[in-house]
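Below is one structure, written out as structure tokens, with a few remarks after it.
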Amino acid sequence: KPRIFSGIQPSADSLHIGNYIGALQQWESMQDDYDAIFCIVDLHAITVPQDPKALRDATRTLAVQYIAAGIDPARSTMFVQSQVPAHAQLAWILNGITGFGEAGRMTQFKDKSARNGADAASVGLFTYPVLMAADILLYDTELVPVGDDQKQHVELARDLAQRFNSRFGETFVVPKPQIQKETARIYDLQIPTAKMSKSAATDSGIVWMLDEPAVIAKKIRSAVTDTGREVRFDRGEKPGVSNLLAILSAFRGVPIATLEAEYEGRGYGDFKRDVADAVVDAFGPIRERTLELQADPAEVDRILTTSAQRAHDLASAKLAQVHEAVGLYPSL
Ligand code: AQP
């Protein structure tokens with residue numbers, strides 16, 4: 001089976017509907033056809049300040065949300081990045097073949113560092129894409145399912161793999177991005193032109209997977225739409241309605257066009273109620289399962305460590321090859 005690798009940062013204590021539609025829902029459906037590795041990328045999370053206790057809790061809670069959303073640790077490898085030291089080790093080696101200008105062209109770094117002024121950004125934030133390349137390349141990953149915002153980072157991983165192979169000999173599989181459909185990108189319910197993001201300033205535009213059902217329903221009822229009455233997909237003219245259509249389409253598993261036909265001549269009230277019901281129906285059981293699993297943190301850690309051991313075996317073998325190729329001493 002082809003190998004896929006993807007990950008999410010434990011940068012908040014709940015995932016949101018964008019992470020679910022853009023990542024988890026897709027991953028869940030790929031588990032049978034691929035040898036899937038799903039990582040909880042805590043080393044990426046510390047490129048911006050994190051509270052230590054909150055980080056460790058968010059890491060475990062994220063693992064629990066993976067499982068509650070259908071990632072099966074018996075079929076897929078799901079582990080915490082910091083448990084496998086080869087990620088940081090390979091990232092360092094790849095730093096040595098990455099150009100300063102090349103890293104400086106990454107738009108995510110430019111956006112994130114601009115938020116607080118470039119001087120406040122860490123060096124870690126700058127080399128974030130190199131760590132991501134290490135994550136991918138350690139496992140001979142063929143496909144990386146990501147949103148289009150991550151395409152540039154996967155391109156960098158490809159470039160680094162090719163550069164390493166031509167300088168030091170065939171070592172890495174050159175990965176390909178698998179970019180999700182445009183409708184897999186979910187926007188903030190209050191600012192429907194901005195990507196829904198864990199680190200957004202306000203809560204009212206974000207539907208958290210662990211929100212209580214009544215809270216989810218309220219947020220969706222209050223979503224910004226427009227003064228029209230037509231339920232039609234048009235990101236330019238009707239960003240709010242288009243976002244809700246994308247959400248309903250993902251949860252019901254039906255095309256947007258079918259929904260447009262279904263809601264023709266009906267107002268936004270009916271439509272929003274149905275979106276809220278669909279999300280609550282899906283997230284309700286995920287929330288309950290998360291709460292159940294959270295009651296046994298030792299069991300969660302046991303599952304993670306078992307999986308990390310498999311990842312560690314694969315990653316150490318690749319890292320040994322890299323040390324040999326580059327002329328470094330073997331790791332102990
Ligand atoms: N709004 C979104 N719509 C669709 N997919 C999304 N993803 C994130 N936001 C949306 C997908 O979720 C996965 C995890 O992303 P991440 O945690 O590595 O960081 P991110 O992409 O930067 O996500 P956030 O929520 O915006 O987190 P913060 O605020 O911490 O940076 C990825 O597959 C991403 O495509």
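In this chain, residues are counted from 1 in sequence order. Each ligand, and each atom within it, is numbered from 1 in the order the structure gives.
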**Prompt:** Counting only heavy atoms not in E292, do more than 12 sit closer than 6.0 Å to its CD atom?
**Reply:** yes
Can you check whether a protein heavy atom sits less than 4.0 angstrom from atom 32 (C) of ligand 1?
no
Within 4.0 Å of some non-hydrogen atom of R185, the atoms of ligand 1 are 3 (N), 4 (C)
Centroid separation F100 to F126 less than 6.0 Å:
yes
The protein heavy atom nearest to atom 3 (N) of ligand 1 is I186 N, 2.9 Å
With a cut-off of 6.0 Å (strictly less than), are more than 12 heavy atoms of other residues, nucleotides or ligands near NZ of K1?
yes
Atom 30 (O) of ligand 1: of A184, G147, S11, A12, the nearest heavy atom sits on S11
Nearest non-hydrogen protein atom to atom 28 (P) of ligand 1, with distance, is S199 OG, 3.6 Å
From the list F271, F233, Y263, side chain to side chain contact (heavy atoms under 4.5 Å, CB included) with V241 holds only for F271
#### Entry: Aromatic plane relationship, F251 with F283 - under 30° parallel, 30 to 60° tilted, over 60° perpendicular
perpendicular
Determine whether any heavy atom of H16 lies closer than 4.0 Å to an atom of ligand 1. yes
Within the 4.0 Å heavy-atom cut-off, what D149 brings close to ligand 1 is side chain
### Query
Is R252 paired with E262 through a side-chain N to carboxylate O contact shorter than 4.0 Å?
yes
Atom 26 (O) of ligand 1 sits nearest the protein heavy atom S197 OG, 2.8 Å
Between A223 and Q190, the two heavy atoms sitting closest are CA-NE2, 4.2 Å
Among non-hydrogen protein atoms, atom 19 (O) of ligand 1 lies closest to Q9 NE2, 3.5 Å
Under 3.5 Å: donor-acceptor pair, side chain of Q31, backbone of E28
yes
among protein heavy atoms, the one nearest atom 20 (P) of ligand 1 is K195 NZ, 3.6 Å
Query raised in the report: Looking at R3 and D140, does any basic side-chain N land under 4.0 Å from a carboxylate oxygen?
Result: no
- Item | Distance-only N or O hit between ligand 1 and K198, under 3.5 Å | yes
Any N19 heavy atom less than 4.0 Å to ligand 1:
yes
- Side chains of I17 and K219: does their closest heavy-atom pair fall under 4.5 Å? no
| Going by distance only, is there an N or O of M196 that falls short of 3.5 Å from an N or O of ligand 1? | yes
Query raised in the report: What about K112: any of its N or O atoms under 3.5 Å from an N or O on ligand 1?
Result: yes
query = Does the N or O separation between G18 and ligand 1 drop below 3.5 Å for any pair?
reply = yes
